[in-house]
2 protein chains.
Amino acid sequence: MSLPHALLGLLSEQPASGYDLLKRFDEGLSAVWPAQKSQVYSELAKLDENGLIEITGTGARQRREYGITDAGRAELRRWLTEPDLDLAFRSAALLRVFFLWTLNSGEGAAYLEKFADHNHARLTALQAIHDNAKWVGDPVQVCGWLMLEYGLRGSETAEQWARWAAGELTERLDTPS
Amino acid sequence: MSLPHALLGLLSEQPASGYDLLKRFDEGLSAVWPAQKSQVYSELAKLDENGLIEITGTGARQRREYGITDAGRAELRRWLTEPDLDLAFRSAALLRVFFLWTLNSGEGAAYLEKFADHNHARLTALQAIHDNAKWVGDPVQVCGWLMLEYGLRGSETAEQWARWAAGELTERLDTPS
DNA sequence: TTTCACATGTAACCTGTTACATGATTGC
DNA sequence: GCAATCATGTAACAGGTTACATGTGAAA
């Protein structure tokens, strides 16, 4: 149940429409919390109903701009400071690794190399973002920059692991002890 | 849609009941794909209906043991070899980092330190599993061992990042340029 | 005038979670 | 006899995805 909090977080920076928020999701946020537009719009309606956000203005093309309320700010703060951090994590790509023994070692290694390549591509993409942006001291940007660094380190670790694992898999499946 | 494939993977090793499978999930698999028992039982019924698994025996207390069929093995193989690997990934813990700028730097750093501690605890737990198990050359175990190594490296990277980020956050929010 | 970006949704469906419900067998 | 473990589910709900549906305004 984190989508509402992601929206509150974005709105705490500045008022925005659903359309604006969807674009902001694509700029980095979707890497840790993807969102569909249907879900964003319905969640905004729900947050409005509950008084956590409110309509602060309307524009052309039935644009509705939402702003965070004091209640919304309180809820955002509660979510950030209360200690229910679950490292819960789901990855189909990693799940597959558990079952690579059902393939032959070449196929398994190929899968791991592909996984490595994907992570390398992501690393390159993040590197480009890192190099192109001008990192001023703005607190909002600082947090984005920290997340970007997480992505860089994580992609690198994943790629190196996968290359190593491909080698180990080949060796250990082909020369059984 | 990976739960059915996780079940096929487990059953490709040996026949098992829903109850057995749930226990096997807790031994490592749940780290990358958690499953509820209600979902496991209903998914088994669905896989049976579709002919990917079949009942291979019954036991005391209405135990029903399922085995994978040829069609199931084919589907498992398809899932492993076809290249739709999405690195899609959701983490509420990391999502929060984007919004730490709404707290003061001490609170933000405290959050990151807590995140680091959690990852350290996980690292220690995985280390214990690593040290206690006897890693024979069994292909099934090799894959489990590769995953374990992923967990170790990932936890370590996450912990180190979080400690670094806590420092950066304090420094950059308290001494704005 | 036509195309593109802006802008907002609804409906159907699938996946996953939580709570509830039931009964059988083994070991003490 | 009682408790623990084995064993299987159902029902209600929450969260997330996909497809469909509609209309506005600006610029070329």
Side-chain angles (χ1 to χ4, degrees), chain A residues 1-8 10-11 15-27 29-50 52-67 79 84 86 88-92 95, chain B residues 1-8 10-11 15-27 29-50 52-66 79 84 86-92 95:
Chain A
M1 209 191 68
S2 288
L3 176 62
H5 297 106
L7 296 171
L8 289 173
L10 288 173
L11 290 176
S17 67
Y19 191 87
D20 295 339
L21 292 167
L22 278 161
K23 275 188 300 180
R24 306 258 300 275
F25 261 87
D26 288 339
E27 296 160 3
L29 214 58
S30 64
V32 291
W33 207 272
Q36 302 297 321
K37 70 186 151 96
S38 61
Q39 214 186 342
V40 166
Y41 284 115
S42 62
E43 199 61 58
L44 283 172
K46 206 186 296 180
L47 287 167
D48 187 18
E49 254 178 59
N50 298 341
L52 301 179
I53 62 175
E54 60 189 358
I55 294 174
T56 54
T58 55
R61 297 168 213 159
Q62 37 222 336
R63 172 190 176 88
R64 255 167 301 148
E65 214 169 63
Y66 291 98
W79 177 71
D84 70 334
D86 51 343
F89 154 77
R90 267 199 162 82
S91 167
L95 178 61
Chain B
M1 209 192 67
S2 288
L3 176 63
H5 296 107
L7 295 171
L8 289 174
L10 288 174
L11 290 176
S17 67
Y19 191 86
D20 296 338
L21 293 166
L22 278 160
K23 276 187 300 179
R24 305 260 297 276
F25 260 88
D26 288 338
E27 298 160 3
L29 213 59
S30 64
V32 291
W33 208 271
Q36 303 297 321
K37 70 187 153 96
S38 61
Q39 213 186 343
V40 166
Y41 283 115
S42 62
E43 199 61 58
L44 283 171
K46 207 187 295 180
L47 287 168
D48 186 18
E49 252 179 61
N50 298 341
L52 301 180
I53 63 176
E54 61 190 357
I55 294 175
T56 53
T58 54
R61 298 169 214 159
Q62 39 222 335
R63 172 190 175 87
R64 256 168 301 144
E65 215 170 64
Y66 292 97
W79 178 71
D84 70 337
D86 50 346
L87 275 358
F89 155 74
R90 267 195 162 84
S91 168
L95 177 61

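Letters A, B, ... are given to chains in the order of the sequence lines, protein chains preceding strands, and every chain is numbered from 1.
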May I ask you to list the residues of residues 31-43 of chain A, by number, that have any heavy atom positioned under 4.0 Å from an atom of DNA chain C? A:K37, A:S38, A:Y41

Which pair of heavy atoms, one from [X] and one from [Y], lies closest together, and at what distance?
X	Y	value
B:L3	B:W33	N-NE1, 3.8 Å
A:D48	A:I53	OD1-O, 3.3 Å
B:P15	B:T56	CB-OG1, 3.9 Å
A:A16	A:L11	N-CD2, 3.6 Å
B:A6	B:L29	CB-CD2, 4.4 Å

Quickly work out the [X] [atom1] to [N] [atom2] distance and round it to whole Å.
X	N	atom1	atom2	result
A:K23	C:dA7	NZ	P	7 Å
B:L3	D:dG15	CG	P	20 Å
A:M1	D:dC13	CE	P	17 Å
B:R63	C:dT22	CZ	C1'	19 Å
B:R64	C:dG23	CZ	C1'	13 Å
A:R24	C:dA7	CZ	P	14 Å
A:D20	C:dA7	CG	P	6 Å
B:K46	D:dT10	NZ	P	13 Å

Check the angle between the aromatic planes of B:F89 and A:F89 and answer parallel, tilted or perpendicular using the 30° and 60° thresholds. perpendicular

Is there a donor-acceptor contact under 3.5 Å from the side chain of B:D20 to the main chain of B:S17? yes

For B:R90, does its backbone N or O pair with a side-chain atom of A:R90 as donor and acceptor, under 3.5 Å? no

Does B:R90 put a side-chain nitrogen or oxygen below 4.0 Å from OP1 or OP2 of D:dT17? yes

Work out how much the helix from C:dT1-D:dA28 to C:dC28-D:dG1 bends between its end axes, five pairs an end, to the nearest 10 degrees. 10°

Dump the intermediate steps for side chain to side chain contact (heavy atoms under 4.5 Å, CB included) on A:D26 and A:L22, then the final yes or no. CA-CA 7 Å; A:D26 288 339; A:L22 278 161; 5.9 Å; no

If you check every side-chain atom of B:R61, which of C:dT26, D:dG16, D:dG15 has the closest atom? C:dT26

On DNA chain D, does the nearest nucleotide to A:P4 precede the nearest nucleotide to A:A60 from the 5' side, or the other way round? Give the residue. A:P4

